[in-house]
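Below is one structure, written out as structure tokens; the observations come after it.
Owing to the predicted nature of the structure, the values given are computational and were not obtained by experimental measurement. In listed order, ligands and their atoms are each counted from 1.
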Amino acid sequence: MIKVSPSILSADFAYLARDLAVVKESGAPYAHIDVMDGLFVPNISIGLCVISSIRKVTDLTLDVHLMIDRPVRYVERFCEAGADIVTVHVEADTEQNTLEALRKIRACGKKAAVCVKPKTPAEAVLPFLDLCSLVLVMTVEPGFGGQAFMADMMPKVQAIRAMIDARNPACELEVDGGVNVETAKTCVAAGANVLVAGSAYFKAADKAAFVSAVTAE
Ligand code: DX5
Ligand code: ZN
């Protein structure tokens with residue numbers, strides 16, 4: 001099943017409850033939440049207290065993408081704040097600390113995930129795959145919404161799809177960055193099953209139609 005995870009980075013932060021209700025109403029099962037620390041990426045977005053507030057007003061699956069340095073320091077607090085899926089970047093710490101972060105997330109009863117930036121090869125997810133409920137492949141450089149989709153990431157999506165099918169078939173494969181109705185088809189053809197969409201989703205006049213169009217198989 002193909003799922004859309006609308007990125008609230010493109011929502012109106014003054015009206016998050018309203019925009020999360022719109023996401024729910026449109027039929028999307030997840031809400032993608034981008035956490036940026038101004039260090040791992042050159043931008044600062046939202047953090048723990050906003051996620052705690054969001055948790056109180058929505059039953060959407062909160063798909064939290066941590067673009068923060070050494071996330072092992074904070075993953076338990078994101079779980080306590082109400083995240084359902086917690087994604088850490090493989091580039092953000094040592095292999096040992098990333099493994100520890102994934103184990104901590106799972107010990108909290110939440111879904112653990114790793115993410116790879118565009119320049120990071122597919123093989124970088126291998127040490128973590130057995131602990132992951134989801135792998136996220138960036139199709140833009142992380143940090144900002146509204147960037148152009150990198151179609152040259154599709155061989156990496158295909159390679160990780162093959163690894164998942166061989167080693168951990170229940171694991172989801174998500175793409176993030178520049179996803180719209182057209183590029184979504186390219187991602188699904190390459191093996192992705194969860195599609196983050198920020199600007200394309202929030203710009204769509206008919207969001208239910210957007211969800212239907214990108215999830216049509
Ligand atoms: C970028 C974020 C994305 C972003 C996607 O660093 O990880 O989730 O919100 O936005 P669009 O869909 O506009 O590329
Ligand atoms: Zn993201």
The protein heavy atom nearest to atom 13 (O) of ligand 1 is Ser199 OG, 2.5 Å
Can you tell me how far apart CG (Leu16) and CD1 (Ile46) are? Round to the nearest 0.5 Å. 6.5 Å
Any N or O on Gly146 sitting closer than 3.5 Å to an N or O of ligand 1? yes
Heavy-atom pairs closer than 4.0 Å: do any link ligand 1 to the side chain of Tyr201, the backbone, both, or neither? neither
Can you check whether Ser10 has an N/O within less than 3.5 Å of an N/O in ligand 1? no
Distance (rounded to the nearest 0.5 Å) between Glu80 CD and Cys108 SG: 6.5 Å
Could you tell me if the side chain of Glu182 sits less than 4.5 Å from the side chain of Phe149, heavy atoms only? no
Just do the side chain to side chain contact (heavy atoms under 4.5 Å, CB included) check on Val125 and Ile160 with the steps written out, would you? CA-CA 8 Å; Val125 307; Ile160 294 177; 4.1 Å; yes
Here the pair of heavy atoms bringing Met67 nearest to Pro142 is SD-CB, 3.6 Å
Any chance you could measure Tyr74, atom OH, to Asp69, atom CG, to the nearest 0.5 Å? 10.5 Å
Do me a favour and list the nearest non-hydrogen protein atom to atom 10 (O) of ligand 1 with residue, atom name and distance? Gly145 CA, 3.5 Å
Per-atom filter on ligand 1: closer than 4.0 angstrom to a heavy atom of His32 are 8 (O)
CA sep, side-chain torsions, deciding dist, call: Lys110, Ile85, side chain to side chain contact (heavy atoms under 4.5 Å, CB included): CA-CA 6 Å; Lys110 305 303 177 98; Ile85 304 167; over 6 Å; no
Can you check whether Glu141's main-chain N or O pairs, donor with acceptor, with Gln147's side chain at less than 3.5 Å? yes
Under the criterion side chain to side chain contact (heavy atoms under 4.5 Å, CB included), I'd like the reasoning laid out for Glu123 against Met163: C-alpha separation, chi angles, the key distance, then a yes or no. CA-CA 9 Å; Glu123 294 70 32; Met163 293 171 192; 4.3 Å; yes
Quick one: closest heavy-atom pair of His89 and Thr98, and the distance? O-OG1, 4.5 Å
For Tyr201 against Ser26, the heavy-atom pair lying closest together: OH-OG, 2.6 Å
To which protein heavy atom is atom 12 (O) of ligand 1 closest, and what is the distance rounded to 0.1 Å? Gly198 N, 2.8 Å
Could you list which atoms of ligand 1 come closer than 4.0 Å to a heavy atom of Gly143? 1 (C), 6 (O)
Is the shortest N/O to N/O distance between Gly177 and ligand 1 below 3.5 Å? no
Before signing off on this row, confirm whether Gln147 and ligand 1 have an N or O atom pair separated by under 3.5 Å. no
Which of the atoms in ligand 1, numbered in the order shown and given with their element, are less than 4.0 Å from a heavy-atom of Met138? 7 (O)
Starting at CG of Asp176, measure out to SG of Cys115 and round the result to the nearest 0.5 Å. 7.0 Å
To the nearest 0.5 Å, what is the distance between OG on Ser133 and NZ on Lys111? 6.0 Å
For Pro142, the ligand 1 atoms whose distance to one of its heavy atoms is below 4.0 Å: 6 (O)
Run the numbers on Val64 and Ile51 for side chain to side chain contact (heavy atoms under 4.5 Å, CB included), then give the verdict. CA-CA 9 Å; Val64 175; Ile51 293 175; 4.1 Å; yes
Ligand 1 atoms nearer than 4.0 angstrom to some heavy atom of Ala197 are 12 (O)
Just jot down the ligand 1 atoms closer than 4.0 angstrom to any heavy atom of Val196, in number order. 8 (O)
Numbered in order shown, the ligand 1 atoms found under 4.0 Å of a heavy atom of His65 are 7 (O)
Evaluate Met67 for polar contact with ligand 1, using N/O atom pairs at a separation under 3.5 Å. no
Counting each atom of ligand 1 from 1 as listed, which ones have a heavy atom of Leu9 under 4.0 Å away? 9 (O)
Quick look: Ala200 vs ligand 1, heavy-atom contacts under 4.0 Å, and the answer is neither
Between Ser5 and Tyr30, what is the shortest heavy-atom contact and its length? OG-CB, 3.3 Å
Atom 1 (C) of ligand 1: the protein heavy-atom neighbour that sits closest, reported with distance to 0.1 Å: Phe144 O, 3.5 Å
Test of proximity, Gly178 against ligand 1: N or O pairs below 3.5 Å: yes
Below the 3.5 angstrom mark, is there an N/O of Asp176, backbone or side chain, next to an N/O of ligand 1? yes
Relative to the ring of His32, is the ring of His65 parallel (under 30°), tilted (30 to 60°) or perpendicular (over 60°)? tilted
Between Thr87 (side chain only) and Leu66 (backbone N and O only), is there a donor and an acceptor less than 3.5 Å apart? no
What number of protein N, O or S atoms occur at distances under 2.8 Å from the Zn ion (ligand 2)? 4
Could you tell me whether Ser7 approaches ligand 1 through its side chain, its backbone, both or neither, with non-hydrogen atoms closer than 4.0 Å? side chain
